[in-house]
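Letters A, B, ... mirror the listed sequences (proteins, then strands); counts begin at 1.
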There are 2 protein chains.
Amino acid sequence: MSERETRTAGASAPSAEALQKLAGRHQAGYRSVGTMAYDILRDAILDGTLAPGQKLRQETLAETIGVSRLPVRSALIQLEADGLVEFHARRGAVVKALSAEQAREVYDIRVLLEIDALRHSMDEMTPERIARLRELGRTADAEEEGADFVDARTQFYAELYGAAARPVHWEMIEQLRLKVGRYVLGWRLVGGGEHGHSHEELVAAVEAGDADAAAEVLRSHLTGVRDAVLAMLSAEGGAAAR
Amino acid sequence: MSERETRTAGASAPSAEALQKLAGRHQAGYRSVGTMAYDILRDAILDGTLAPGQKLRQETLAETIGVSRLPVRSALIQLEADGLVEFHARRGAVVKALSAEQAREVYDIRVLLEIDALRHSMDEMTPERIARLRELGRTADAEEEGADFVDARTQFYAELYGAAARPVHWEMIEQLRLKVGRYVLGWRLVGGGEHGHSHEELVAAVEAGDADAAAEVLRSHLTGVRDAVLAMLSAEGGAAAR
DNA sequence: TTCCGAAATCTTGGATCCAATTTGCGTGCC
DNA sequence: GGCACGCAAATTGGATCCAAGATTTCGGAA
């Protein structure tokens, strides 16, 4: 039952098992099946289960995660808006790849936006928020696996940038982080994590009220990650950048 | 046929005629009905046909623009991703309003992003692009009505910022412009257009190669529009900002 | 043997149909 | 007379069904 399927299922079969495992983690009580499908597919793209260039057949995805094609279509539309998948007219959807140039753009803009967000946020900093930041940074460093790793760090930066006070600004930052999330994950698996201490370093600068120092820590962290991502994308060659 | 309908159709009837007119302009050959519905509804929100706070009943919209409910749902999902509408679980969708604080955020970020885009673009400026900019600026100034007015200006800025060379950067800028597009339109209708000359002023600075001057023109233009939008939002009070 | 064309199959996109949930109204009780 | 509970109607969300288009394969001809 598995020797002939290789040809039939083409590029979509290899991820079936892993995708089902992801679907299992999301089986909890969702209000709508569409949002569940969105979360499953988004996580699948972020952790590499659905690789860039992968062709996304609606029916295959639908029966893999156990729903109809309709919520899958809803999810794909949302993912297209996020820039994670790409629709080719009547020819279906594929997981969008980020070129090296686009990744560089993302990090250039992130430096701009995140430093600005940090400065705004530091104007409204409180001891309570500092304490909360330390706590979130610790749990973020503790998390190791795919999607949870991203979630924990997201919470840290949401607090750091004052997401609640500047929702639009934070929304933009999140979109950019989403675009490069999978490459950071891939890089982390390959290159190891010597960046773990930047959380504490950042919090220390914020606590000291030194905006320039905090901005510099942030900038060097982002450019460091950027260079690592770019190196990985160059190493993989045109395959992922197609 | 119009005296009793006011109560029956509630908040959605007043826009029916105008919406149908918009639908007529988009009746051209679309590949998918979903994208057509998206364009129609997006334009309707941008030009105020669908006002902020407006409740969007899927069936009403569907029969007004002459399609089924399914492509309307697709369009609404996309519009939610754009931040133009808001889904309330099982209770339907409404046109999202922008608070004054959020509008301020949008313009703050736009200053950051657009000045940076302009500087990058000026590094790759050519006489051909200058000429094209002049042409686009002229046609943009000529356009007066709703959606076309936005389109023409979008083309101008796409060329100014080198959208082709920096697609991610441009995508971010477009998202932000989309969020405030309707308020600019509203402000323009109210306040008149003393901002028309900024196109030529901008092109002149770009042609001279003076990045700082061009950035300053852009910044003052954006902050000027921002203040006008904020004034309008404050004047309307909590109605639009709810 | 290779290239072009046509037909068949597969896949996306749309419409109608059905179920589930929410909201509004009416009635009954306190 | 007011509030609460329950029922009914309407609207959203999901599934199955149908049509349109694209791709691939097979066959024929050069």
Evaluation steps, side chain to side chain contact (heavy atoms under 4.5 Å, CB included), between B/Ile173 and B/Tyr161:
CA-CA 10 Å; B/Ile173 292 172; B/Tyr161 297 147; 3.9 Å; yes

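- By the neighbour-count criterion of 12 heavy atoms within 6.0 Å, atom CD of A/Glu59 is sparsely surrounded, having that number or fewer from other residues, nucleotides or ligands.
- With respect to A/Glu171 and B/Lys179, a salt bridge is recorded, a charged nitrogen being found less than 4.0 Å from a carboxylate O.
- Rounded to a whole Å, the CD atom of A/Glu63 is 13 Å from the C1' atom of C/dT11.
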Can you give one letter per nucleotide of nucleotides 14-22 of chain C, going 5' to 3': B for a protein heavy atom under 4.0 Å from the base, S for sugar-phosphate only, - for none?
BBB---BSS

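- Considering A/Glu159, A/His169, A/Arg129, A/Arg166 in turn, A/Arg129 is the only one that fulfils the side chain to side chain donor-acceptor pair (under 3.5 Å) rule with A/Ser121.
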Working note: A/Arg226 + A/Asp108, criterion side chain to side chain contact (heavy atoms under 4.5 Å, CB included); need CA distance, chi angles, decisive distance, verdict.
CA-CA 9 Å; A/Arg226 179 197 66 186; A/Asp108 283 355; 3.4 Å; yes

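- Counting non-hydrogen atoms under 4.0 angstrom, A/Leu76 reaches nothing in the nucleic acid.
- B/Ala89 comes within 4.0 angstrom of the backbone, heavy atoms only, and of no base.
- The CG-C1' distance, from A/Leu61 to C/dT12, rounds to 13 Å in whole Å.
- Across the protein-nucleic acid pair, A/Leu56 atom CG and C/dT11 atom P stand 13 Å apart, rounded to whole Å.
- Atom CZ in B/Arg57 sits about 14 Å away from atom C1' in C/dT23, given to the nearest Å.
- The environment of B/Arg177 atom CZ is dense: over 12 non-hydrogen atoms of other residues, nucleotides or ligands sit within 6.0 angstrom.
- Regarding contacts with the backbone of D/dT11, every side-chain N or O of B/Gln58 stays at 4.0 angstrom or more from both OP1 and OP2.
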